[in-house]
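What follows is a short report on a single structure.
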Amino acid sequence: MNQWETEWKREQERVNTVVDQVKKKMNVLEAHLGGKKEDVVEIRKNFWEDVTVNFDDAHEAAETAASIKQQAELLSELERSHKNAEDQRKSLVKLSDSPYFGRIDFKENKDAKADRIYLGVASFYDEKADEFLVYDWRAPISSLYYDHSLGRAEYEAPEGIVSGEMQLKRQYIIRNAEIKSMFDTGVTIGDELLQEVLSRQANPQMKSIVATIQKEQNQIIRNTKGTLLIVQGAAGCGKTSAALQRVAYLLYRYRETLTANQIVLFSPNNVFNSYVSNVLPELGEENMLQTTFQQYVYHHLGDSYDLEDPLEQMEAVLTGDGQPSHKVRLDSIRFKASLDFMNLIEGYISHLHKEDMLFKSVVFRGRVLITADQIKEKFYSYPSAVSIPDRMKLVSEWLVSEVRKLEKTERKEPWVEEKIQLLDKEVYVRLYQKLRKKKQYTEDSFNDFEREQRLLSAYVVSKAFKPLKKRIKALTFINLKAMYMRLFTGEGLSWEREDSYLLPDSWKEISRLTARTLGNGELLYEDATPYLYLKERLEGFQTNTAVRHVFIDEAQDYSPFQFAFIQRLFPRSKMTVLGDLNQSIYVHSTGDAFQMLYDHYGKDHTERIVLMRSYRSTRPIVEFTREMLHEKDSIIPFNRDGEKPVLKQFEKKGDHARALADTIRNLQDRQVKTIAVICKTAKECEEAYESLKDQVDIELMKKDSSSFKQGALIIPSYLAKGIEFDAVLVFDASNSQYSKESERRLFYTVCTRAMHELYLFSYGEVSAFITEVPEDTFIREN
């Protein structure tokens, strides 16, 4: 047995020892959990039996309240203890399979010998030996593993910088408590481990990368300096993975003051939400709040309008070429995404501060109770020093007061008597009991017809007026639609000189388009954020000061206007934005949004990290896709072998469809897990599905899909963003589909979804984006 085999045997013995201790602790925990669960169930079952209930006098009622509170606190503490134990058990289950993935031998300057530090997804402490057998990958000392090579090294501990020498760095692949692979490396993370991980097939859910975090990714994960962290990087560089590990790290480091519900992730779509939903639970943490910006907008405006979503906007842009209004729509999207449009709205709000506010009359049963002009007069009667939202609150209180006065006169209206006749018997009984309790009526007096009628009339009218008062408190008397419309109707900007703002040349055409869609009850996606911004500025911004960290993935898809809006929503939050300008596929996507954020937070409060190395795809795929870009040198492929992309060109549709089906069947026969046929649009996806569904087992993904399974699927380009697949088949890579310069980044994004294999099928002339690429980077098949 040579020295390495002896070392391997020694390491396996340590794995066995650690796993044995882990399993012993699991047994103790499971017994403890069983008891805790029984206690919780017992308290819930006997909750009211253990509480003395007596509300007859104040003293007894106070005792009852104290008794209920005591039982509730006991139950809450038991449930919290049970949850903590269950979380610990889940971590131990993971450790029992693979207790750790790395080891470093680190000798502090002051010590005589090196300490052996083993790193895993969770820590494991041996109470008898008073030492950590496994350190959590997020512990301060663990940063040595990710940031340093052999030799002089240091890490930041709570008490300050700790310096020393790293004498060994070892990496393991352990499965079912058995070492499958082990190697020493002098670099940060050895290529051997990365090769093993990256060569695996894709999964419908993203996995954690704690064993393969690179130095530059670790800078993202552990960065706590600035208020704004901007991460820009190539497709497949690990931006999203690093961001999710960053969430886990923040929850670990600030576990006394930060919880998962104080972190929000804005992701591109629901499919992506499903894709990343397993990463944090895999690391033993609760998921942060996940949403899309569209979901937030829909929550506030979806009841009022037929609201277009970003995917519908993208579909309209990609399929609308050649239509007369297409250029106007593009100009509209670009302008309404800009800070110039926000400045225009701010100017409009300043004008409304003095005049021209529009309101809706308060109407009850088809009758006007308070006119819009009366509301307007009341609004402008308050001092101009009072803000618009504060005046709105005062108007709302005044309206409720006026409506209460009108309630009394309404009781004599004929409709009230009709409603009384239709009341259920239970209502009569309930009112009688209520009045007896108040000692206002005896049995004899309740039969007094006039008094009974007054009581019932008051009840009927109060119930009828309740929804009206609720709407008033919700400020629905503001005519928001008319005021937003006024930005686009009339003779230009009727409230201001047109030349005061940087309006696009097609402003009048944009105005007509906006007025027409709003008039039809539709709100285009480019109007949603400005409309909501105007609403919030008039009613009062609903800021969230509880959220401490906001993460925005695919940040290149956000406009400057949207970023400015999000900043107002979360004024106390730190922000992490991740994006790749080479994947800017939306019309409004420019570098302006990143620059706007940088300018807002300032140099001293902003950290910017650029990731250049791409890990997702094989080297041949990266070398092919980067050639499509103007700045191709900004992407460095990881050295992972694979086949070159394959181009297949056809002149007949039937041949094109058969070749696609044959390729899918071949991949399925080879047990390739995730196969994506990516089309440019949803419309093209429908055509692809019709041509393939009878030939192969395949699923059609639509914008309302919430997740995807392993197998073959058809998906539109913009829905595939942020997701990776073992094999990608570009449904039609012809010049008729991808030729305009504005589509270059879309085509690049489509191709970079492939991890291991990329096939491009062209029906007719091949896209110029491919013919520009050197012939030796792909294989052309007849």
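Between the side chain of R103 and the backbone N or O of R116, no donor-acceptor pair lies under 3.5 Å. No donor-acceptor pair under 3.5 Å is formed between the side chain of S267 and the backbone N or O of D553. Of the possible polar contacts, none joining the Q583 side chain to the T749 backbone as a donor-acceptor pair under 3.5 Å is found. Checked by atom type and distance alone, the side chain of R640 pairs as donor or acceptor with a backbone atom of R616 at under 3.5 Å. A donor-acceptor pair is defined here as one N or O able to donate and one able to accept, closer than 3.5 Å; such a pair exists between the side chain of H588 and the backbone of D557. Side-chain atoms of R537 do not come within 3.5 Å of backbone N or O of E346 as any donor-acceptor pair. Judged by distance alone, the side chain of R246 and the main-chain N or O of I220 form a donor-acceptor pair under 3.5 Å. For Y348 (side chain) and M483 (main-chain N/O), a donor-acceptor pair under 3.5 Å exists by modelled atom type. Using a distance-only test at 3.5 Å, with no hydrogens or angles considered, a donor-acceptor pair links the side chain of Q217 to the main chain of C237. Proximity of a side-chain donor or acceptor of Q262 to a complementary backbone N or O of T259 within less than 3.5 Å is detected.
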### Query
Can you list the steps and then say if D147 with R222 is a salt bridge (Lys or Arg N to Asp or Glu O under 4.0 Å)?
CA-CA 11 Å; D147 288 343; R222 295 174 188 262; 5.7 Å; no
Q. Is there a ring-ring contact (aromatic ring centres under 6.0 Å, His included) between Y558 and F565 once you walk through the steps?
A. CA-CA 11 Å; Y558 286 73; F565 185 84; over 10 Å; no
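Between the OG atom in S149 and the CG atom in L144 there is a gap of 11.5 Å [rounded to 0.5 Å].
Just one of E154, E165, R152 meets the side-chain hydrogen bond (donor to acceptor under 3.5 Å, both in side chains) condition when paired with N109; it is R152. Considering R255, R138, K90 as possible partners of E285, the one that fulfils the salt bridge (charged side-chain N to carboxylate O under 4.0 Å, His left out) test is R138.
The cationic atom of R568 (NZ for Lys, CZ for Arg) lies less than 6.0 Å from the six-membered ring centre of F541 and within 45° of the ring axis.
Counting only N and O atoms by type, the side chains of N639 and R613 include no donor and acceptor under 3.5 Å apart. Inspection of the Q595 and D599 side chains reveals an N or O donor paired with an N or O acceptor under 3.5 Å.
Between D105 and K107, no side-chain nitrogen of the basic residue sits less than 4.0 Å from a carboxylate oxygen of the acidic one, so the salt-bridge criterion is not met. Using a cut-off of 4.0 Å between Lys/Arg side-chain N and Asp/Glu carboxylate O, D331 and R334 are scored as salt-bridged.
Residues meeting the salt bridge (Lys or Arg N to Asp or Glu O under 4.0 Å) test with R626, sequence neighbours left out: none.
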List, one per line, each side-chain donor-acceptor pair under 3.5 Å for residues 523-530, sequence neighbours excluded.
{"from": "Y525", "atom 1": "OH", "to": "Q562", "atom 2": "NE2", "distance (Å)": "3.1"}
{"from": "E526", "atom 1": "OE1", "to": "Q313", "atom 2": "NE2", "distance (Å)": "3.0"}
{"from": "E526", "atom 1": "OE1", "to": "R329", "atom 2": "NH2", "distance (Å)": "2.9"}
{"from": "E526", "atom 1": "OE2", "to": "R329", "atom 2": "NE", "distance (Å)": "2.7"}
{"from": "D527", "atom 1": "OD1", "to": "K336", "atom 2": "NZ", "distance (Å)": "2.9"}
{"from": "D527", "atom 1": "OD1", "to": "Y484", "atom 2": "OH", "distance (Å)": "2.6"}
{"from": "D527", "atom 1": "OD2", "to": "K336", "atom 2": "NZ", "distance (Å)": "3.2"}

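Between P281 and N287, some side-chain heavy-atom pair lies under the 4.5 Å cut-off.
Aromatic ring centres of W137 and F101 lie farther apart than the 6.0 Å criterion allows.
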